[in-house]
Asker: 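Could you have a look at this structure, given as structure tokens, before my questions?
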Amino acid sequence: MPELPEVEIYARYFAEHALGQKITSVDVLDERILGARKEEFVRALKGRSFTTVRRHGKHLFAKAGKSWLHLHFGMSGDLAHYRDPDPPPRFARVVFNFAGGAHLAFEDMRLFGVVDLTPSPDEYIREHRLGPDPVDAKFTLRTFRKIAERRRGAIKALLMSQDVIAGVGNLYADETLFQSSIHPRRPVDRLSDAELRSVFRNLRRILREVIVRRGRNADHPRRYVIHHREEGARCPRCGGEIRRTVVFGRTTYFCGKHQR
DNA sequence: TTCCATGTTCCGCA
DNA sequence: TTGCGGAACATGGA
């Protein structure tokens, strides 16, 4: 379940269970997940320790020696820590084995994720043209206004374009627009400044709120539309009808009554 | 069996 | 040039 808040939680989980521990070996259980050559990947990590963890958008980076491990979780990626004699989880694709019998598995049922190496997060961000991270302190209303000024098309598409803002996916884009009372297909150049400000504030608040609540879906506040992603459901805000459509190629839920 | 899924990329069209 | 629809990728759950 990985959008920005989930990946932030994974980053903290990774730090808690992997930082400072000696990597005795690395098991690649399914090479299809690997963006690097297996031998090179294992050689770069084996015998070293992870010393720093960083997140940018939906990407997680962990430094080991001279290179950085890069994790992208796709649609179904997750991390799982376990100890001997427990077996790896069912969909473990790469397992980092640590001294003392602890393990950290990268699991990903659908294999849309990526595990590879990069010389540095900054280089990765540049090469892959990732936009600013919206939770970062440097991401201000001013930044967001500037982004919106040179953008046409649906507001939902802007929120989900990783080269514009890095980290927002389908669920939190919908949630942001729901709480901002804005229709997901509304063109960016037809939003008032007050609406732009509302999107900015709600986006940051929602992402932070979910991180603080540790990201599990059931823990999201009751007022969130995320619990009502179903055609014909009742809007938790105004009692209107929840409608389903497709925007930017993704299933989109919105309240037909209060989102305009 | 059929449809759907929290993501990304590439192609083609307007 | 920009934006976006559609398909493809791989797999399991309802």
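Just so it is clear: chains get the letters A, B, ... in the order the sequence lines come, proteins before strands, and each one is counted from 1. Heavy atoms only: backbone and side chains are in, while hydrogens, waters and symmetry mates are out.
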Asker: Report each atom pair, protein N/O against N/O of nucleotides 11-13 of chain C, whose distance is under 3.5 angstrom.
Answerer:
| unit_1 | atom_1 | unit_2 | atom_2 | d |
| --- | --- | --- | --- | --- |
| C:dT11 | OP1 | A:Arg32 | NH1 | 2.9 |
| C:dT11 | OP1 | A:Arg32 | NH2 | 2.7 |

Asker: Would A:Asp136 and A:Arg204 pass as an ion pair if we require N to O under 4.0 Å?
Answerer: no
Asker: Can you give me the dot-bracket string for DNA chain B, 5' to 3', counting Watson-Crick and G-U wobble pairs with both distances under 3.5 Å, using [ ] for crossing pairs and | for partners on another strand?
Answerer: .||||.||||||||
Asker: Students often mix this up, so state it plainly: with edges at 30° and 60°, are the rings of A:His220 and A:His227 parallel, tilted or perpendicular?
Answerer: tilted
Asker: Parallel, tilted or perpendicular for A:Tyr124 and A:His59, by the 30°/60° rule?
Answerer: tilted
Asker: Checking side-chain polar atoms at under 3.5 Å, does A:His103 have a donor or acceptor matched by the opposite partner on A:Asp84?
Answerer: yes
Asker: With a cut-off of 3.5 Å and sequence neighbours excluded, list every side-chain donor-acceptor pair involving residues 30-39 of chain A.
Answerer:
| unit_1 | atom_1 | unit_2 | atom_2 | d |
| --- | --- | --- | --- | --- |
| A:Asp30 | OD1 | A:Arg32 | N | 3.0 |
| A:Asp30 | OD1 | A:Arg32 | NE | 3.1 |
| A:Asp30 | OD2 | A:Arg32 | NE | 3.4 |
| A:Asp30 | OD2 | A:Arg32 | NH2 | 2.8 |
| A:Asp30 | OD2 | A:Arg93 | NH1 | 3.4 |

Asker: For the pair made of CZ in A:Arg129 and P in C:dT2, what is the distance, rounded to whole Å?
Answerer: 11 Å
Asker: Report each atom pair, protein N/O against N/O of nucleotides 8-14 of chain B, whose distance is under 3.5 angstrom.
Answerer:
| unit_1 | atom_1 | unit_2 | atom_2 | d |
| --- | --- | --- | --- | --- |
| B:dT8 | OP1 | A:His72 | NE2 | 2.9 |
| B:dT8 | OP2 | A:Lys58 | NZ | 3.0 |

Asker: I'd like to know if the side chain of A:Glu195 reaches the main chain of A:Ser192, judged simply by a donor and an acceptor atom lying under 3.5 Å from each other, with no hydrogens or angles considered.
Answerer: yes
Asker: Indicate yes or no: does A:Arg55 engage A:Asp133 in a salt bridge with an N to O separation below 4.0 Å.
Answerer: yes
Asker: Starting from C1' on B:dC4, measure out to CD on A:Glu231 and report it in whole angstrom.
Answerer: 15 Å
Asker: Is the distance from OP1 or OP2 of C:dT2 to the nearest side-chain N or O of A:Arg151 less than 4.0 Å?
Answerer: no
Asker: Given atom CG of A:Asp108 and atom P of B:dG7, what is their separation to the nearest angstrom?
Answerer: 13 Å
Asker: Between C1' on C:dG5 and CZ on A:Arg152, what's the gap in Å once rounded to a whole number?
Answerer: 20 Å
Asker: If only side-chain N and O atoms count, and only distance matters, is there a donor-acceptor pair under 3.5 Å linking A:Ser180 with A:Asn202?
Answerer: yes
Asker: Send over the distance from A:Glu6 CD to B:dG7 C1', rounded to a whole Å.
Answerer: 13 Å
Asker: Distances under 3.5 Å only, N/O to N/O: pair up the protein atoms with those of nucleotides 1-3 of chain B.
Answerer:
none

Asker: Below 4.0 angstrom, N of the basic side chain to O of the carboxylate: do A:Asp193 and A:Arg145 qualify?
Answerer: yes
Asker: Just checking A:Ser161: base, sugar-phosphate only, or nothing, at a heavy-atom cut-off of under 4.0 Å?
Answerer: nothing
Asker: With distance as the sole test, does A:Glu123 use its side chain to make a donor-acceptor pair with the main-chain N or O of A:Pro119 at under 3.5 Å?
Answerer: no
Asker: According to salt bridge (Lys or Arg N to Asp or Glu O under 4.0 Å), who are the partners of A:Arg152, at least two apart in sequence or on a separate chain?
Answerer: A:Asp189
Asker: Do A:Thr252 and A:Arg185 pair up side chain to side chain, a donor and an acceptor below 3.5 Å, judged on atom types alone?
Answerer: no
Asker: Indicate whether the side chain of A:Gln179 and that of A:Arg205 have a donor and an acceptor atom separated by less than 3.5 Å.
Answerer: yes
Asker: Round to a whole Å and report the spacing from CG of A:Leu159 to C1' of C:dC4.
Answerer: 16 Å
Asker: Before accepting this row, confirm whether a basic side-chain N of the pair A:Lys46/A:Glu40 lies closer than 4.0 Å to the acidic partner's carboxylate O.
Answerer: no
Asker: To the nearest Å, give me how far apart OH (A:Tyr172) and P (B:dA5) are.
Answerer: 16 Å
Asker: Using atom CD of A:Glu230 as one end and atom P of C:dA14 as the other, report the distance to the nearest whole Å.
Answerer: 15 Å
